[in-house]
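Predicted model only: the values in this text are computed from it and were never measured. In what follows, chains are A, B, ... by sequence order, proteins preceding strands, each numbered from 1.
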Amino acid sequence: MARAKITSVRGVKDILPEESPRWQRVEALARETFARYGYSEIRVPVFERTELFARSIGEETDIVNKEMYTFNDKGGESLTLRPEATASMCRAYVQHALYSQPGVAKLFCIGPMFRYERPQAGRLRQFHQIDAEAFGSLDPAVDAEVIVMLADFLSAAGLKDLSLQINNLGDAECRPAYARALQEFLRKETTNLGPEVQERVERNPLRFLDSKDPDHRAIIARAPTIDLHWNENCQKHLGAVCDRLKGAGIRFEVNPRLVRGLDYYCLTVFEVTSRNLGAQNAVCGGGRYDGLVEELGGPPTPAIGFAIGMERLLQLIGGEADESAAPASPLDAFLVPLGEKAAAEAFALAGELRKGGLRVDLAFGGGSMKSQMRRADRSGARYVLVLGEDEIAKGTVSLRDMRESRQEELPRAEALSKLLAGRR
RNA sequence: GUGGGUGUAGCUCAGCGGUUAGAGCGCCGGGUUGUGGCCCCGGAGGCCGGGGGUUCAAAUCCCCUCACUCACCCCA
């Protein structure tokens, strides 16, 4: 009799009815906040040609190397479930020539992302991001506005005790010089740290900077930092961003050791972290990617954006702000029919109430009055409509106010209008 | 991929060699010919994650495996 249960896939979660209101609230807040900054929603597909991600995120990144859900479709084409949204947004921006519209193109996207990783606290294989991107301007004021919007949203969501860190990764001119200097330093320091570490240093020295290993941290503390290599452009850009942020009253910290795991970033990068999240402590990460649109076949177009992790954000809201909004009952009225004939009439009556805009449920499957009343009580509905033989015969209904424990028998039409009048 | 922790009822967990495996909560029914919550009574629901081994005897000890979880690499 009992067959083997099919469970969800590792690292993938159901969002159950009791938690989905929190998701809806946060998503609505993002839409409202972003709209005040002139952003429009774009909905891009959850899968793309594999090449899009390989080209944009970078062949040497962990995401592309080992974390992508890649498969061949029936036509033999290699497709990949999106590990992030920026690449798709750039693709759509180019494909639909959104660059031909005036001004800065401001877009946001909310949805699931997929990465094949071992799950842990704050890390899932299917997770959700709120993603915002601004295309078409080099102006550091855009960087600042993006960050101000982010801070605006996070604080409206009720988050406190967050840390915002900013860095400038250098541009095409000064970043390679820094990478070389860092690599030289690390080559000398990591000779006895094993082949994987050394290979990392060879492939992408910058990413050594966010290792958590205590031995590595000690080396990093002595390593050269990028600020020593910034050219005038980078210095001015970061300075302008910081000035604007200060002017906006945003608290932040410049961290010259902050790096990001995606190759396309340049100049401004930033990260919002919380101490209340466990090892995966970033709620949001973002930065500028001035070469990406062109790399994907579009016109040279500077751009900047960020991604907020929904699950991590919700974890913080749960931990910090508590359940401020008590879950209101999903129902206004509940119908209790006694007997077959009453069941048919109750079904029709429920229809009328719903047409009037009320949220209505009824006791299916009959049962004793006691049992139906218990169901009515648990439904949370304020009003219960009892339809028994007496009421049927008289064309009435017994309207019970569950909160006040009072009830009266009224003609159908009267009960209906009374309920509709009290509707929110 | 690597390492640690945990797997017993729908949920949270007790039992840790010895009768038919328990509690609380939840669920269903009854206590009232047609009235919820509180209370009382009753009931359903377990291959004790799976496989193998040790033993007269295994939920309990050992091995393997799977799942969940935390952490590393990395990221939201």
Side-chain angles (χ1 to χ4, degrees), chain A residues 1-5 7-13 16 57 60-67 82-86 110-131 150 194 196-197 199-200 204 207-214 216 259-262 271-274 277-286 305-316 334 336-339 342 363 365 367-392 398-407 409:
Chain A
M1 246 236 308
R3 305 234 216 142
K5 284 177 192 162
T7 59
S8 61
V9 168
R10 159 176 278 169
V12 167
K13 287 217 185 322
L16 297 171
I57 297 169
E60 296 304 322
T61 61
D62 279 11
I63 291 179
V64 172
N65 273 328
K66 52 182 202 189
E67 294 174 5
R82 63 181 184 195
E84 55 117 37
T86 305
I110 301 176
M113 307 295 157
F114 308 85
R115 292 183 200 173
Y116 188 85
E117 300 183 89
R118 286 292 287 266
Q120 70 184 75
R123 170 187 288 158
L124 295 167
R125 287 186 172 180
Q126 179 179 158
F127 60 101
H128 299 77
Q129 289 186 337
I130 300 174
D131 202 283
L150 170 64
E196 303 117 42
V197 174
E199 195 185 319
R200 178 154 304 251
N204 199 336
R207 278 196 301 131
F208 186 84
L209 294 181
D210 51 21
S211 172
K212 284 175 189 160
D213 186 301
H216 299 184
V259 288
R260 317 230 66 248
L262 288 72
E271 202 168 271
V272 178
T273 57
S274 165
L277 275 177
Q280 306 309 318
N281 62 358
V283 193
C284 173
F306 62 77
I308 299 166
M310 269 294 273
E311 282 83 357
R312 292 180 189 178
L313 177 70
L314 286 167
Q315 191 186 328
L316 288 175
F334 193 92
V336 169
L338 300 169
S368 70
M369 174 122 197
K370 182 193 179 83
S371 131
Q372 292 197 48
M373 282 303 290
R374 190 160 41 227
R375 279 181 261 169
D377 183 44
R378 286 173 203 181
S379 78
R382 171 81 186 267
Y383 296 100
V384 171
L385 297 166
V386 179
L387 269 175
E389 283 175 24
D390 297 353
E391 286 88 348
I392 302 274
S398 291
L399 175 61
R400 181 172 182 82
D401 181 331
M402 295 298 270
R403 200 189 301 165
E404 303 295 328
S405 292
R406 267 201 300 248
Q407 93 184 44
E409 190 175 340

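Using a 4.5 Å heavy-atom cutoff, the side chains of A:Arg125 and A:Tyr116 are in contact. With a 4.5 Å cut-off on side-chain heavy atoms, A:Gln126 and A:Lys13 do not count as touching. Put simply, the side chain of A:Val336 does not reach to within 4.5 Å of the side chain of A:Arg400, judged on heavy atoms. Taking the side chain as every heavy atom from C-beta outward, A:Met310 and A:Ile130 approach each other to under 4.5 Å.
Across all strands shown, B:C68 forms a Watson-Crick or G-U wobble pair with B:G5, both key distances being under 3.5 Å. With a cut-off of 3.5 Å on both Watson-Crick or G-U wobble distances, the partner of B:G22 is given as B:C13. Shown here, B:U54 forms no base pair; nothing in the strands shown gives a Watson-Crick or G-U wobble contact with both key distances under 3.5 Å. If you check B:U35 for Watson-Crick or wobble pairing at under 3.5 angstrom, you find it has no partner at all. Under the Watson-Crick or G-U wobble criterion, with both distances below 3.5 Å, B:C28 is paired with B:G42.
Under 3.5 Å, the side chains of A:Ser379 and A:Arg375 contain no donor-acceptor pair of N or O atoms.
Between the P atom of B:G1 and the CZ atom of A:Arg125 lies a distance of 8 Å, rounded to the nearest Å. The interatomic distance linking A:Asp213 (CG) with B:A71 (C1') rounds to 13 Å, in whole Å. Here the C1' atom of nucleotide B:A76 and the CD atom of A:Gln129 are 5 Å apart, to the nearest Å. Between the NZ atom of A:Lys212 and the P atom of B:C70 there is a distance of 13 Å, rounded to whole Å. Taking atom CG on A:Asp62 and atom C1' on B:C72, their separation rounds to 12 Å, with Å as the unit. Rounded to an integer number of Å, the gap from A:Gln372 CD to B:G29 C1' is 14 Å. Between A:Arg207 atom CZ and B:C74 atom P there is a gap of 6 Å when expressed in whole angstrom units. Taking atom CG of residue A:Leu385 and atom C1' of nucleotide B:G34, one finds them 15 Å apart after rounding to whole Å.
Nucleic acid contact for A:Gly367: none, since no nucleic acid atom lies under 4.0 Å from a heavy atom of the residue. Here A:Ala376 lies out of heavy-atom contact (under 4.0 Å) with every strand. At a threshold of 4.0 angstrom between heavy atoms, the contacts of A:Leu262 are confined to the sugar-phosphate backbone, with no base atom among them. Contacts of A:Val384 with the nucleic acid, taken as non-hydrogen atoms under 4.0 Å apart, are absent. Within the nucleic acid shown, A:Gly285 comes within 4.0 Å of sugar-phosphate atoms alone, with no base atom in reach, counting heavy atoms only.
A donor and an acceptor atom never sit less than 3.5 Å apart when one is taken from the side chain of A:Arg118 and the other from the base of B:A71. Side-chain N/O atoms of A:Ser368 and base N/O atoms of B:G29 include no donor-acceptor pair closer than 3.5 Å. Judged by distance alone, with hydrogens and angles left aside, A:Lys66 brings a side-chain donor or acceptor within reach of the base of B:C73, the pair sitting under 3.5 Å. No donor-acceptor contact under 3.5 Å links the side chain of A:Lys370 to the base of B:G36. For B:A76, the base has a donor-acceptor partner in the side chain of A:Glu117 [N/O atoms by modelled type, under 3.5 angstrom]. For B:G36, the base has no donor-acceptor partner in the side chain of A:Gln407 [N/O atoms by modelled type, under 3.5 angstrom].
Between A:Glu391 and A:Arg312, the residue whose closest nucleotide on RNA chain B is further toward the 5' end is A:Glu391. Toward the 5′ end of RNA chain B lies the nearest nucleotide of A:Met373, the other residue of the pair A:Met373 and A:Val9 mapping further downstream.
A side-chain donor-acceptor contact under 3.5 Å links A:Arg115 to the backbone of A:Pro83. Within the 3.5 Å criterion, the main-chain N or O of A:Ala282 finds a donor-acceptor partner in the side chain of A:Arg312.
Nucleotides B:A76 and B:A67 are separated by 27 Å at their P atoms, to the nearest Å. For the P atom pair drawn from B:C27 and B:U19, the interatomic distance equals 33 Å after rounding to whole Å. As rounded to the nearest Å, B:U60 and B:C72 have P atoms that lie 33 Å from one another. Taking atom C1' in both B:C13 and B:C74, the straight-line distance is 36 Å, to the nearest Å. Separating the P atom of B:U6 from that of B:A57 is a span of 28 Å, rounded to the nearest Å. Comparing B:C28 with B:G4, their P atoms sit 44 Å apart, to the nearest whole Å. When the P atom is compared between B:G5 and B:G10, the two are found 27 Å apart, to the nearest whole Å. Taking atom C1' on both B:G3 and B:A21, the two are 34 Å apart, rounded to the nearest angstrom.
For the pair A:Ser211 and B:C73, the criterion of a side-chain N or O lying under 4.0 Å from OP1 or OP2 is met. Taking only side-chain nitrogens and oxygens, A:Lys13 never comes nearer than 4.0 Å to OP1 or OP2 of B:C68. Within the 4.0 Å cut-off from OP1 or OP2 of B:U69, not a single side-chain nitrogen or oxygen of A:Arg10 is found. For B:C70, neither phosphate oxygen OP1 nor OP2 lies less than 4.0 angstrom from any side-chain nitrogen or oxygen of A:Gln120. Contact between the side-chain N/O atoms of A:Arg375 and the OP1/OP2 oxygens of B:C28 is not found at any separation under 4.0 Å. Contact between the side-chain N/O atoms of A:Arg123 and the OP1/OP2 oxygens of B:A71 is not found at any separation under 4.0 Å. An OP1 or OP2 oxygen of B:G29 is reached within less than 4.0 angstrom by a side-chain nitrogen or oxygen of A:Arg374.
Note that the CZ atom of A:Arg207 and the CZ atom of A:Arg260 stand 12.0 Å from one another [nearest 0.5 Å].
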| said: What verdict does the side-chain contact (heavy atoms from CB on, under 4.5 Å) test give for A:Asp377 and A:Met402, after you've listed the backbone C-alpha separation in whole Å, the side-chain angles of each residue and the deciding distance to 0.1 Å? | reply: CA-CA 7 Å; A:Asp377 183 44; A:Met402 295 298 270; 4.0 Å; yes
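Closest contact between the side chain of A:Phe127 and the listed nucleotides B:C28, B:G36, B:A76 involves B:A76. Among B:G1, B:G36, B:C74, the nucleotide with an atom closest to any side-chain atom of A:Ser405 is B:G36.
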